[in-house]
Peer 1: 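Take a look at this one; I'll ask things after.
Note that the coordinates shown come from a computational prediction; the quantities given were computed from them, not determined experimentally. Naming: A, B, ... by sequence-line order, numbering from 1 per chain.
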Number of protein chains: 2
Amino acid sequence: MGSPTFSPLYRQIKALLLESLRSGAWRPGEAIPSEMDLASLYKVSQGTVRKAIDELAAENLVYRRQGKGTFVATHGERQVRFRFLRLAPDSGEPGAVERRLLEFRRARASAEVARMLELKAGDPMVMIRRLLVFGEDPVVLEEVWLPGTLFKGLTASAVSEHRGALYNLFETQFGTRMVRAEEKLKAAAADEAGAALLGVEPGHPLLAVERVSYTYSDKPVEWRRGLYKTDHYFYRSELG
Amino acid sequence: MGSPTFSPLYRQIKALLLESLRSGAWRPGEAIPSEMDLASLYKVSQGTVRKAIDELAAENLVYRRQGKGTFVATHGERQVRFRFLRLAPDSGEPGAVERRLLEFRRARASAEVARMLELKAGDPMVMIRRLLVFGEDPVVLEEVWLPGTLFKGLTASAVSEHRGALYNLFETQFGTRMVRAEEKLKAAAADEAGAALLGVEPGHPLLAVERVSYTYSDKPVEWRRGLYKTDHYFYRSELG
DNA sequence: CTAGTGTCATATGTCTTATAAAAGACACAA
DNA sequence: TTGTGTCTTTTATAAGACATATGACACTAG
């Protein structure tokens, strides 16, 4: 029978809005046009625009403020950070996090990374290796791989001098906003190098976390591999 | 200023629907009354009922089928199982899972369990210890704690003879439906007993997973502690 | 001059109504 | 017996009217 080529009006509107987000026409933190403006622009009712925006809000791409407007979501907000960094302390409130850059280099995509990011093996990449220190405690050792073409002007000093989440830097300086991510977790034993950096004995059990992050339209644009020391922190997961 | 004691109509309807779900008036898998019926019952428009049900559907408490009706969500469906058991094989499709009951007994709540489940230490509990075997491979060793009062007639044979998820048994036999859960993950080294059951050497790195499950209205009703062997399986987590 | 208060413009939120589309049951015909 | 049209019931979509929240700004009492 006929393929599901039909799309209701509000979804077509949503697609148009998504395109404006993706293209960067509306920047993170800024307000998008009002529902009424969009309604008259697209020649539909406010309610239809509303339903389109409702779905974008449900996907955390925008957020609404009654009386003020609808705003493009951003990684600058505190709240968003905890959605992507899922470690919480066993007791007490999460404290400050210090990010120590260990290595920054340009390299070629391995077959594994290329497959994850839908690139070709050998494509230019940026690789970042760093240590996250909570208070005095080194907790996360991770490696971040990014497509070199998307992050052309990225430098070691930009990364090491940046305060706040990497995703914040990416969206403000490179116009690439991470929208969601998928993680795969395993338990692993610390090797010599990792143990030294995390301040544990070799063989110490660690959480091995592999992440693929996606920007708009489910396009994968980042691959990470991290080792988490879970002696005083745990990984939060919600099932629902 | 006045406290936020105001609640829009659709939320009041939602609360009424929730109460029908909680009380068991509408059973898992069954259809709830049509939007029109509910609208005339509560003397509001279909759209208002609709918005109430929208929120319930977003919380996975019910699901809609155009042309058929709206149904109470259930743990019987395959789809729901993967929301609560987040292990996936490194490659291939997930196979059959065998559940081996190791221990079943009634006991008193420890201070720790009591705190998690909002009970008093010493309250009667049911404790289940079991092994999940994927194919031939023992992968999960876990301990489940339940309030004895809620699960009065629960027996070892009911558990060991039941096919399918425990949550399925709970909802069909005891009218308690698990709606969501929170997990805390750490890496741990296998002890002697655990290693033997999971078929690894003592000291082998394992995923330690602690879960609190909630029924309607965020009432906690189950506490679990599991050890996951992640040699051939990984824990899936979505950030978004 | 200043602190408070009222008013207005504009934004999202709520609610209703009308109509469309999906699903299944059933009658009927080839 | 098998398909096909049609009717009923259900959720889905769309539009419009009205409510509420917010912030800016003007006005006024002190």
Side-chain angles (χ1 to χ4, degrees), chain A residues 1-18 20-21 26-27 29-74 77 79, chain B residues 1-18 20-21 26-27 29-74 77 79:
Chain A
M1 297 307 149
S3 48
T5 183
F6 162 80
S7 172
L9 197 45
Y10 77 90
R11 259 186 210 285
Q12 301 174 36
I13 303 297
K14 182 186 174 188
L16 293 171
L17 301 181
L18 259 173
S20 290
L21 288 170
W26 303 328
R27 307 190 66 86
E30 284 180 6
I32 72 175
S34 77
E35 295 180 355
M36 278 304 189
D37 286 356
L38 292 167
S40 63
L41 174 62
Y42 297 132
K43 306 281 198 298
V44 298
S45 78
Q46 181 226 6
T48 300
V49 171
R50 185 154 230 316
K51 180 137 185 176
I53 296 179
D54 274 345
E55 292 202 349
L56 297 176
E59 296 166 25
N60 291 312
L61 300 185
V62 301
Y63 60 93
R64 303 159 157 301
R65 287 285 177 275
Q66 184 174 1
K68 295 189 65 177
T70 300
F71 302 83
V72 182
T74 166
E77 303 153 72
Q79 167 210 10
Chain B
M1 297 301 180
S3 48
T5 181
F6 162 80
S7 172
L9 197 46
Y10 77 90
R11 260 188 210 284
Q12 300 175 37
I13 303 297
K14 182 187 174 188
L16 293 171
L17 301 181
L18 259 173
S20 290
L21 288 171
W26 303 327
R27 307 191 66 86
E30 284 180 6
I32 72 174
S34 77
E35 294 180 354
M36 278 305 188
D37 286 357
L38 291 167
S40 65
L41 174 61
Y42 296 133
K43 305 280 198 297
V44 298
S45 78
Q46 181 226 7
T48 301
V49 170
R50 186 165 182 63
K51 180 136 184 175
I53 296 179
D54 275 345
E55 292 203 349
L56 296 176
E59 295 166 26
N60 291 311
L61 301 184
V62 299
Y63 59 93
R64 303 156 156 307
R65 288 284 176 278
Q66 184 173 1
K68 295 188 65 176
T70 299
F71 302 82
V72 182
T74 165
E77 304 154 72
Q79 168 210 12

Peer 1: Using every non-hydrogen atom in the two residues, find where B/Leu56 and B/Leu21 come nearest and quote the distance to one decimal.
Peer 2: CD1-CD1, 4.4 Å
Peer 1: Quick one: which of D/dA14, C/dA11, D/dT11 gets closest to the side chain of A/Tyr10?
Peer 2: D/dA14
Peer 1: In Å, rounded to the nearest 0.5 Å, how long is the span from CG of A/Leu38 to CD1 of A/Ile13?
Peer 2: 8.5 Å
Peer 1: So, for A/Tyr10 and A/Ala52, which heavy atoms are closest and what is the spacing to 0.1 Å?
Peer 2: O-CB, 3.3 Å
Peer 1: Mind grabbing the angle between the end helix axes of the helix from C/dC1-D/dG30 to C/dA30-D/dT1? Five pairs an end, 10° rounding.
Peer 2: 0°
Peer 1: Just how far, in rounded Å, is C1' of C/dT16 from CD of B/Glu35?
Peer 2: 14 Å
Peer 1: What's the spacing between B/Glu55 CD and B/Leu17 CG if we round to 0.5 Å?
Peer 2: 11.0 Å
Peer 1: Which heavy atom of B/Val72 sits nearest a heavy atom of B/Trp26, and at what distance?
Peer 2: CG2-CB, 3.9 Å
Peer 1: Which residues in residues 38-60 of chain B have a heavy atom closer than 4.0 Å to any atom of DNA chain D?
Peer 2: B/Gln46, B/Arg50
Peer 1: Name every residue in residues 62-74 of chain B that has at least one heavy atom under 4.0 Å from any atom of DNA chain D, in order of residue number, or write none if there are no such residues.
Peer 2: B/Arg64, B/Arg65, B/Gln66, B/Gly67, B/Lys68, B/Gly69, B/Thr70
Peer 1: Could you check whether any side-chain N or O of B/Gln12 sits under 3.5 Å from a backbone N or O of B/Ser7, counting only pairs where one atom can act as donor and the other as acceptor?
Peer 2: yes
Peer 1: Of the nucleotides D/dA15, C/dG13, C/dC15, which has the atom closest to the A/Leu9 side chain?
Peer 2: D/dA15
Peer 1: Rounded to the nearest 0.5 Å, how far does OG1 of B/Thr70 lie from CG of B/Asp54?
Peer 2: 9.0 Å
Peer 1: Send over the distance from A/Gln12 CD to D/dA12 P, rounded to a whole Å.
Peer 2: 18 Å
Peer 1: Rounded to the nearest 0.5 Å, how far does CZ of A/Arg50 lie from CE of A/Met36?
Peer 2: 10.5 Å
Peer 1: What closest approach, in Å, do B/Phe71 and B/Gly29 show between heavy atoms, and which atom pair accounts for it?
Peer 2: CD2-O, 3.7 Å
Peer 1: Roughly how far, to the nearest 0.5 Å, is OG of A/Ser34 from CD of A/Gln46?
Peer 2: 9.0 Å
Peer 1: To the nearest 0.5 Å, how far apart are CG in A/Leu41 and CG in A/Leu16?
Peer 2: 8.5 Å
Peer 1: Assign each of A/Met36 and A/Arg11 to its nearest nucleotide of DNA chain D by heavy atoms, then name whichever residue's nucleotide is nearer the 5' end.
Peer 2: A/Arg11
